[in-house]
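For reference, the structure is listed below as structure tokens.
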Amino acid sequence: MSKALIISLVILVVLVAAFIALYFFGKKMQKKQMAQREQMREAAQMASMLIIDKKMMKMKDAGLPKAVMDQAPKRYRSAKLPIVKAKVGPQTVNLICDDAIFDELPTKCEVKAMVSGIYIVEIKSVRGKKKNKAAEEPAKKSFGAKMRAKQRELQKDMAMEELSKEEKKAAKEAAKKKKERAKKITQ
């Protein structure tokens, strides 16, 4: 065999191994993220706020509290996050918004939302001026908006898949218990 063929086979094997490792690592991280989202939803509280502005900006430029900046990993400090400037009661605060609801969050409107710490988890209701859907949505979505929409869709699919797996498992357990009861009765 020629050297070029051997080198290309080695590179191919390394790439396949890297993709397999990334697949399993990504699946593990996705499960971890789903568990964290559930914890945040459990700790969330209802809050009424007036949304002043929303932007995708870097964490270090967002004006978040120093404690948040100290706890965040360094790689996230320069990454862009969905930041919402809102008036909650008498205070104007900067909050981090969930990617899934960032595009749906209206500006210059009063919103009742579920908030966990400084993280907006879910929008419950919108009060104020409502624009038409056709006038509100731009003709051409940005790449980030398309990716967030796709991520939302995939997360919903994964949640539904997990739920169906749990239902199937519960149904199997119930059928197994029913068979065991039937055996005990006949004996």
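V10 and L15 fall into different hydrophobic clusters, where Ile, Leu, Val, Met, Phe, Trp and Tyr side chains are chained together by heavy-atom contacts under 4.5 Å. Linking Ile, Leu, Val, Met, Phe, Trp and Tyr whenever their side-chain heavy atoms come within less than 4.5 Å puts L9 and I6 in one cluster. If you chain together hydrophobic residues whose side chains sit under 4.5 Å apart, V68 and V88 fall into the same group.
In this structure, E122 CD and R37 CZ are separated by 11.5 Å, a value rounded to the nearest 0.5 Å. Between atom CG of residue L50 and atom CD1 of residue I52 there is a gap of 5.5 Å, rounded to the nearest 0.5 Å. Between atom CE of residue M160 and atom CD of residue E167 there is a gap of 8.0 Å, rounded to the nearest 0.5 Å. Atom CE of M114 is separated from atom CZ of R41 by 9.0 Å, given to the nearest 0.5 angstrom. Note that the NZ atom of K54 and the CG atom of N94 stand 15.0 Å from one another [nearest 0.5 Å]. Here the CG-CE distance, from L105 to M49, works out to 8.5 Å after rounding to the nearest 0.5 Å.
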| Check against side chain to side chain donor-acceptor pair (under 3.5 Å), S116 and Q45 | CA-CA 6 Å; S116 178; Q45 297 176 349; over 6 Å; no
| said: For a side-chain contact (heavy atoms from CB on, under 4.5 Å) check, start with the C-alpha distance between V84 and I51, then their side-chain angles and the critical distance, and finish with the verdict. | reply: CA-CA 7 Å; V84 175; I51 306 298; 3.8 Å; yes
| request: Decide side-chain contact (heavy atoms from CB on, under 4.5 Å) for Q33 and Q155; before the verdict, give the C-alpha distance in whole Å, the side-chain angles of both, and the deciding distance to 0.1 Å. | output: CA-CA 10 Å; Q33 181 188 25; Q155 284 179 343; 3.8 Å; yes
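When side chains are defined from C-beta on, L64 counts as touching M59, because their heavy atoms get closer than 4.5 Å. Counting heavy atoms from C-beta on, the side chains of I120 and I96 never come closer than 4.5 Å. Within the 4.5 Å cutoff, no side-chain heavy atoms of V111 are placed close to those of S48. Residues L154 and M158 are not in side-chain contact: their nearest non-hydrogen atoms beyond the backbone lie 4.5 Å or more apart. Residues M56 and L81 form no side-chain contact, since every pair of their non-hydrogen atoms from C-beta on lies 4.5 Å or further apart.
Across all non-hydrogen atoms, the minimal contact from P82 to F102 is CB-CD1, 3.3 Å. The shortest heavy-atom contact between R75 and S78 is O-OG, 3.8 Å.
More than 12 heavy atoms of other shown residues, nucleotides or ligands fall within 6.0 angstrom of atom CE in M57.
Under the side-chain contact (heavy atoms from CB on, under 4.5 Å) test applied with R152, the options D103, D98, D99, I101 reduce to a single match, D103.
With hydrogens and angles ignored, the 3.5 Å screen pairs no side-chain donor or acceptor of R148 with any backbone N or O of A100.
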